[in-house]
Amino acid sequence: MSEHVRVRFAPSPTGHLHIGGARTAIYNWAFARRHGGTFILRIEDTDPERSTEENTQAILRAMEWLGLDYNEGPVVGGEYGPYFQTQRFASYADALERLKTAGASYPCFCTSADLEIKREAGRIQGGFAGYDRTCRSIDADTAAARIAAGEPHVWRLKVPEQRGDIVFPDAVRGEVSFPVDAVDDLVLVRTDGTATYNFAVTVDDVTMAITHVIRGDDHLSNTPKQILIYEALGEPVPVFAHLSMILGADGKRLSKRHGATSVESYRDQGFLPEAVMNYLALLGWSLDGETTVFSRETLAENFSLDRVSRNPAIFDDEKLEWLNGVYVREMSAQTLVDQMVPYLQAAGFLSPEEVSTRRDWLLRLAPLISERVKRLDEVVPMVGFLFADTVVIEESALAKVLGKEGAGVALDACRETLAGLSAFDAATIEAALREVPERVGVKPKVVFQAVRVAVSGTTVSPPLFEVLELLGREQTLARIDVARKYAVE
RNA sequence: GGCCCGUUCGUCUAGCGGUUAGGACACCGCCCUCUCAAGGCGGAGAUCACGGGUUCGAAUCCCGUACGGGCUACCA
């Protein structure tokens, strides 16, 4: 690629950044980075009904969280701004003027009601449901007079009659072709003077010198219309690349019905940006068919459109969770503590002061949970017992463990052993407790499970000896005393 | 209705004329083990949507059919 690559991600702030949009953003970002190009963020806020400032802010936050840094866009600015569509109206008016003088656009005075009837008629006959080009034949003087008289009108694109089929190479789909006569004399500018979507995007892409348009599959059918606009404007047509949809587990297009699909909701559930990025990159693109875990740097160095898959992909939460677990395990204790603290605080386990005063303690906790957690929010139920004053013993644990023969003597022996220890660290605890089973003649499994249940209330917990150390002697002994009452001899 | 796109294990994918159709998640079993994980080893799972061609040979190329999706707005 000899030209300087300029790509853009153009979300509309009618909602939060969702998973599908994020993947489009990632591919654009990766493509730009791979080619040393420019990645642009443009906010398509021309739908006043549904666009909100809050959504714009949420999109910017999500982009930042994912680490999708853009070279041009809101906040950072750039030479091709502004980066909000609502601030680019002048360029649409300008482009319309160019089309008018080139004779590539004409005013249309048909009313919505007229059009509705024409559409129906066309559909019944040949299947063509486009505009029948009635107003094309109005001569220039008449049109000018009617406009001067204040008659409401739109401006349509005059699709060239001599034009052959519209064929373009799609970077992911290969050659795509549309018959010209399937393209309407589409409306460029509405009665109220605002630009329609297809007109606005292509003018924006032209004026921002976009070289590659990487976007969702749903725009594939819009592409011939846009190509015609580029041609009418006499501007070079960019390379198009259409990405297939992301579907929910039911094979239907991913939507709110599938639960939380916004990027920020994944963040809140304790997914890491690296994992989300990796997973989304993998959902429709492959490095080599073998590698599933790779860094954003690897993605940026190796991304290519010809390895993007053409078929729609079903979003698999389980694989994302697995991948997130991979990244959690790779984290240092320091990082993991930073990451899990917000969840512990939200659960009321830690006061703001304790975040720093108990830092060392948290650093000892981190390695115990790192290989047991997939989502960060899982730490809350996993370690809750460490922060509680008393423990509620699960009913099933009561029967399965404390009800077992030997549980009582085992607890007695452990209590006594632990009480007499000179130090209360995991290694010392382990060495001492390892001798208990043989001494009291109870299976190791029964002994350790009894202590685990006493201390955590459940049959599942992080490694026992480390847990006792973190709990401290006083709490450990107190909990054993309570559990002892429920244990059989 | 018309036009366009898609179809390889349950899921994500590799494959780009000759492979025992490979990998990953999930699943099952074994090992490790104080529980759960993590890890190691192994297993099951794909008549490559279907039907025709082309070819010595097709998951790979061509044509149909079916199914799914998109566009067909003075929405984006």
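Both backbone and side-chain heavy atoms feed into the values below; hydrogens, waters and symmetry mates do not. No experiment lies behind these values; they were computed from the predicted model shown. Lettering of chains follows the sequences in order, A, B, ..., and the numbering in each one begins at 1.
- Residue A:N222 places no side-chain N or O under 4.0 Å from the OP1 or OP2 atom of B:C71.
- Rounded to the nearest Å, the gap between the P atom of B:U8 and that of B:A46 is 14 Å.
- Each of B:U7, B:C34, B:G70 was ranked by its minimum atom distance to the side chain of A:R253; first place goes to B:G70.
- The separation of B:U19 from B:G29, taken at their P atoms, amounts to 35 Å, rounded to a whole angstrom.
- The base of B:G6 lies outside donor-acceptor range of the side chain of A:S244, with no N or O pair under 3.5 Å.
- Atom name P, nucleotides B:U47 and B:G22: the rounded distance is 14 Å, in whole Å.
- Among the nucleotides B:C74, B:U35, B:G6, the one closest to any side-chain atom of A:T196 is B:C74.
- An OP1 or OP2 oxygen of B:U35 is reached within less than 4.0 angstrom by a side-chain nitrogen or oxygen of A:K445.
- Spacing between B:G45 and B:C12 at atom C1', rounded to whole Å, works out to 15 Å.
- Near RNA chain B, defined here as any heavy-atom distance below 4.0 Å, the residues from residues 109-117 of chain A are A:C110, listed numerically.
- Taking only side-chain atoms of A:E371, from C-beta outward, the nucleotide of B:A76, B:G70, B:A37 with the closest atom is B:A37.
- Using bins of under 30°, 30° to 60° and over 60° for the plane-to-plane angle, the ring pair A:H242/A:F168 lands in the perpendicular bin.
- Taking the ring centroids of A:F9 and A:Y27, they lie at or beyond the 6.0 Å cut-off.
- Between A:F424 and A:T476 the shortest side-chain heavy-atom distance falls below 4.5 Å.
- With distances taken from any side-chain atom of A:L220 to the nucleotides B:C5, B:G15, B:G22, the minimum falls on B:C5.
- If you check B:C3, B:C74, B:C34 against the side chain of A:F465, the one that comes closest is B:C34.
- For A:F271 and A:Y327, the ring centers sit 6.0 Å or farther from each other.
- Distances were taken from every side-chain heavy atom of A:V460 (C-beta onward) to each of B:G39, B:U35, B:C71; the shortest belongs to B:U35.
- Annotation: salt bridge (Lys or Arg N to Asp or Glu O under 4.0 Å) contacts involving residues 459-469 of chain A, sequence neighbours excluded, comprise A:R364-A:E469.
- Side chain of A:P463, nearest nucleotide from B:A76, B:A14, B:C34: B:C34.
- Residue A:E466 places its side chain closer to B:C34 than to any other of B:U13, B:C34, B:A37.
- Between A:L247 atom CG and B:G10 atom P there is a gap of 17 Å when expressed in whole angstrom units.
- With both ends at atom C1', the span from B:A58 to B:A21 equals 13 Å, rounded to whole Å.
- Backbone-only contact: A:S286 has heavy atoms under 4.0 Å from sugar-phosphate atoms and none from a base.
- Using atom P as the reference point in both B:U7 and B:U11, the two lie 14 Å apart (nearest Å).
- Among the protein residues, A:T458 comes within range of no part of the nucleic acid, since none of its heavy atoms lies under 4.0 Å from any strand.
- B:G6 and B:A76 are spaced 28 Å apart, taking the P atom of each and rounding to whole Å.
- Nearest to the side-chain atoms of A:D316 among the listed nucleotides B:C25, B:A14, B:U35 stands B:C25.
- Taking atom C1' on both B:C48 and B:U13, the two are 13 Å apart, rounded to the nearest angstrom.
- Across all strands shown, A:I314 has heavy atoms under 4.0 Å from sugar-phosphate atoms exclusively, and none from any base.
- Residue A:V176 is in sugar-phosphate contact alone, with no base atom involved, counting any heavy-atom pair closer than 4.0 Å across all strands shown.
- Comparing B:A73, B:A76, B:C12 against the side chain of A:R50 picks out B:A76 as the nearest.
- Taking the six-membered ring where the residue is Trp, A:W285 and A:F303 present tilted rings, their angle falling between 30° and 60°.
- Within the 6.0 Å centre-distance limit, the rings of A:Y197 and A:H219 are counted as a close aromatic pair.
- In this model, a side-chain donor or acceptor of A:R452 finds a partner on the base of B:C34 within 3.5 Å.
- As judged by a 4.0 angstrom heavy-atom cut-off over every strand, A:R215 is placed among residues making no nucleic acid contact.
- The backbone N or O of A:E151 sits less than 3.5 Å from a side-chain atom of A:H153, completing a donor-acceptor pair.
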